[in-house]
Amino acid sequence: MAAETPQRLRFGRAARIKLGRDFAATRREGERLVLGCLIANWRRLPNGSPSRLGVITARTIGGAVVRNRARRLLRETYRAHQHDLAQPVDLVLVARPSIAGKGLAEVEKDFLTTLRKARLLK
RNA sequence: UUGGAAGGGCGGAGGAUCGCUUUCGUCCCGCGCAAGCGGGGCGGAGGAGGAAAGUCCGAACACCAAAGGGCGCGAUGCCGCGUAACCCGGCCUUAGGCCGGGAUACAUGCGGGGGGUGAUGCCGUGAGGCAUCCCGACGGAAAGUGCCACAGAAAAUAAACCGCCCACGCCUCGAAAGAAGCGCGGGCAAGGGUGAAAAGGUGGGGUAAGAGCCCACCGCUCCAAGCGCGAGCGCGGAGGCACGGAAAACCCCAUCGGGUGCAAGGCCAAAUAGGGGACCACGGAGCGGCCCGCUCCAGGUUCCGCAAUGCGGAACGGGUUCCGGGUACUGGCUGCUGAGACAAAUGAUUCUCUCCGUCCGUAAGGGCGCAGACAAAAUUCGGCUUACAGCCCUUCCAAAAUC
RNA sequence: CGGAGCGUAGCGUAGCUUGGUAGCGCGUCUGGUUUGGGACCAGAAGGUCGUGGGUUCAAAUCCCACCGCUCCGA
């Protein structure tokens, strides 16, 4: 499969959740799982539609530097594994205070463990 | 050389791959008659800080009635100099530069004056004085109101508890002189004691006892030669000495400040929704400079609910070069420089070099530590304050070593 | 981005205006009461007044600068 269509790992503006009502709907109607340094909310979408990601970094986890860092790590993790999802979802990741000081590998480990528990991985 | 203090500066460099974002060019796809709109590919260029932070001051800019006057409120408050945007004038070779002047708020920087007497040292018998360092929001306490707890007799028009002294009376002792006690009248503020502060201080004279009552010195107040741009300093002289502290209590005086802030403010399209409750009111709203008049039928306030998108302000700016025209200034198919997001870009992985710390090693070298601290633009700019791994420079101090 | 407010015993608060003693309630501890517990009665302990400077004889209070927290604004 990789030989004919090598999947690009893109993450443009269309792949993000931007509206407040989409965040609220996902967190209200979707499923939820807390693990490690993050909280995952997701809402399954019909096959064929694109997946989207939203990241929430509240003020309680730290200053602007810590919050920017957390958001970028979570986005980078999602970008690297966006094609491993079993089906399209709206995914909202909430960073927890323990994410401060962690590297990409640790965040990736928590992310994959969460997806495996949620049975969203292929 | 090491350590410390103060001040100033820097806050890794060069690549690769994958992403994000702004912008330019080009190509493709969809819709559309077209203009264009939407999406995507490729290529080029750009993409956090010294504090971007705190939001403590101001300025630009925008709107509010013109931003002017009054009231209120707030801020500031010793002197001199420097620094910007800004304004004005003159000259030139006219792009622009040079010179001169004006004006400043928040400030800030430098220097000075005065103060505190905090620390240290020196001088003096002493009261005190001088020097160095440090601190400092530094107009007015005889404009007024109020405050100074407790203690103490008395806390701001001084006062008299224990005391000291004098005269008189009574009584006791005594041969007498006189002494002690009590009472009454008067003088005093030296000593004790209280306090943060007791109404100049030290030493002497003087006195019944005392007192700036008198004298010397110290301090203070006033005048003042002279010096300094000035705040002020002050040779010398006069005054027995008044005027406690606090205005970071109210307040008074002078100066300055209109208010709100890019969520300011502007534009386009569509929808919510012809929603509900309560109250007010019989007329209300719009057109209009006002009245008449005309049009509409509901109007106003408040609460709840729903909705809250796009463009743009906003970087196309700013700076500078060049070319024009002008007094300031202003214009441009010009070159260079170039963050511009909006659920919010500046990230991930990795290579080389160098810095620092640490560990291993005799050494060469190697391993580890996210280049390792603080902290990320959100209209722009100036200042202040605060945080900070490590490195560099200057000055000072201390210790050790050498000469 | 802009604006407003609050930090006092373990908890919740008063005192700040007009500067001199930090008070109250709950809780804690001790004793009494009771067969025992609760309730009640009596007593006691417990305070860097967020931090650091300044003004003052004297600061929780006045002034300044920081730190932390909360709320409001399309």
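Sequence lines set the chain letters: A, B, ... in the order given, protein chains first and strands last, and positions in each chain run from 1.
The nearest whole Å value for the distance from the CD atom in E108(A) to the P atom in rG19(B) is 17 Å. Per the geometry, CZ belonging to R71(A) stands 16 Å off P belonging to rA341(B), to the nearest Å. Rounded to an integer number of Å, the gap from CD of Q82(A) to C1' of rC18(B) is 12 Å. Spacing between atom CZ of R67(A) and atom C1' of rA377(B) amounts to 15 Å, rounded to whole angstrom units. Rounded to whole angstrom, the span from the CZ atom of R75(A) across to the C1' atom of rA344(B) amounts to 10 Å. Rounded to whole Å, atom P of rA343(B) lies 18 Å from atom CG of L93(A). Rounded to whole Å, the distance from CG on L73(A) to C1' on rU349(B) is 12 Å. In this structure, I56(A) places its CD1 atom 13 Å from P of rA343(B), rounding to the nearest Å.
Between E106(A) and K109(A) there is no salt bridge, since no side-chain N of the basic residue sits under 4.0 Å from a carboxylate O of the acidic one. Ion pairing of R44(A) with E31(A) is present here, as a side-chain N (NZ or NE/NH1/NH2) and a carboxylate O approach within less than 4.0 Å.
Minimum atom distance to the side chain of E76(A) is reached by rG347(B), of the listed rU346(B), rA375(B), rG347(B). Checking rU346(B), rU349(B), rA343(B) against every side-chain atom of L104(A), the shortest atom distance belongs to rU349(B).
When both pairing distances are held under 3.5 Å, rU120(B) makes a Watson-Crick or G-U pair with rA131(B). Across all strands shown, rU48(C) forms no Watson-Crick or G-U wobble pair with both key distances under 3.5 Å. The nucleotide rG305(B) finds no pairing partner, because no Watson-Crick or G-U wobble arrangement with both distances shorter than 3.5 Å includes it. As the counterpart of rA398(B), rU2(B) is assigned, both hydrogen-bonding distances of the Watson-Crick or G-U wobble pattern falling under 3.5 Å. Within the shown strands, nothing qualifies as a pairing partner of rA149(B) under the Watson-Crick or G-U definition with both distances less than 3.5 Å. Remark: rC73(B) base-pairs with rG257(B). Criterion, Watson-Crick or G-U wobble with two distances under 3.5 Å. Applying the Watson-Crick and G-U wobble criteria (two distances, each under 3.5 Å), rU61(C) pairs with nothing in any strand. Taking a pair to require two hydrogen-bonding distances under 3.5 Å in either a Watson-Crick or a G-U wobble arrangement, rU70(C) pairs with rA4(C).
Cluster membership check: L35(A) does not share its hydrophobic cluster with L53(A), using side-chain heavy-atom separations under 4.5 Å among Ile, Leu, Val, Met, Phe, Trp and Tyr.
When the C1' atom is used for both rG258(B) and rG109(B), the distance is 33 Å, rounded to whole Å. Annotation: rC49(C) and rA22(C) have their C1' atoms spaced 8 Å apart (nearest Å). One C1' atom belongs to rU194(B), the other to rG152(B), and the distance between them is 4 Å to the nearest Å. Nucleotides rG195(B) and rC161(B) have their C1' atoms positioned 16 Å apart, rounded to a whole Å. One C1' atom belongs to rA58(C), the other to rA246(B), and the distance between them is 12 Å to the nearest Å. Taking the C1' atoms as reference points, rC99(B) lies 49 Å from rG390(B), given to the whole Å. Rounded to whole Å, the P atom of rA314(B) lies 34 Å from the corresponding atom of rU76(B). For the C1' atoms, the distance from rC370(B) to rC356(B) is 15 Å, rounded to whole Å.
Between V55(A) and A105(A), it is V55(A) whose nearest contact on RNA chain B lies nearer the 5' terminus.
Here the rule is side chain to side chain contact (heavy atoms under 4.5 Å, CB included) with L38(A), and of V94(A), V55(A), L74(A), L33(A) only L74(A) fits it.
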- Item | V34(A)/R96(A) under side-chain contact (heavy atoms from CB on, under 4.5 Å): CA gap, chis, key distance, verdict | CA-CA 10 Å; V34(A) 180; R96(A) 304 176 74 195; 3.4 Å; yes
- Check the pair H81(A) / L112(A) against side-chain contact (heavy atoms from CB on, under 4.5 Å), numbers first and verdict last. CA-CA 9 Å; H81(A) 295 283; L112(A) 290 177; 3.9 Å; yes
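When the side-chain nitrogen and oxygen atoms of R72(A) are compared with OP1 and OP2 of rU346(B), one or more of them lie within a distance under 4.0 Å.
Using bins of under 30°, 30° to 60° and over 60° for the plane-to-plane angle, the ring pair Y78(A)/F111(A) lands in the perpendicular bin.
The glycosidic torsion of rG390(B) lies more than 90° away from 0, which places this base in the anti conformation. Using a 90° window around 0 for the glycosidic torsion, rA271(B) falls outside it and is classed as anti.
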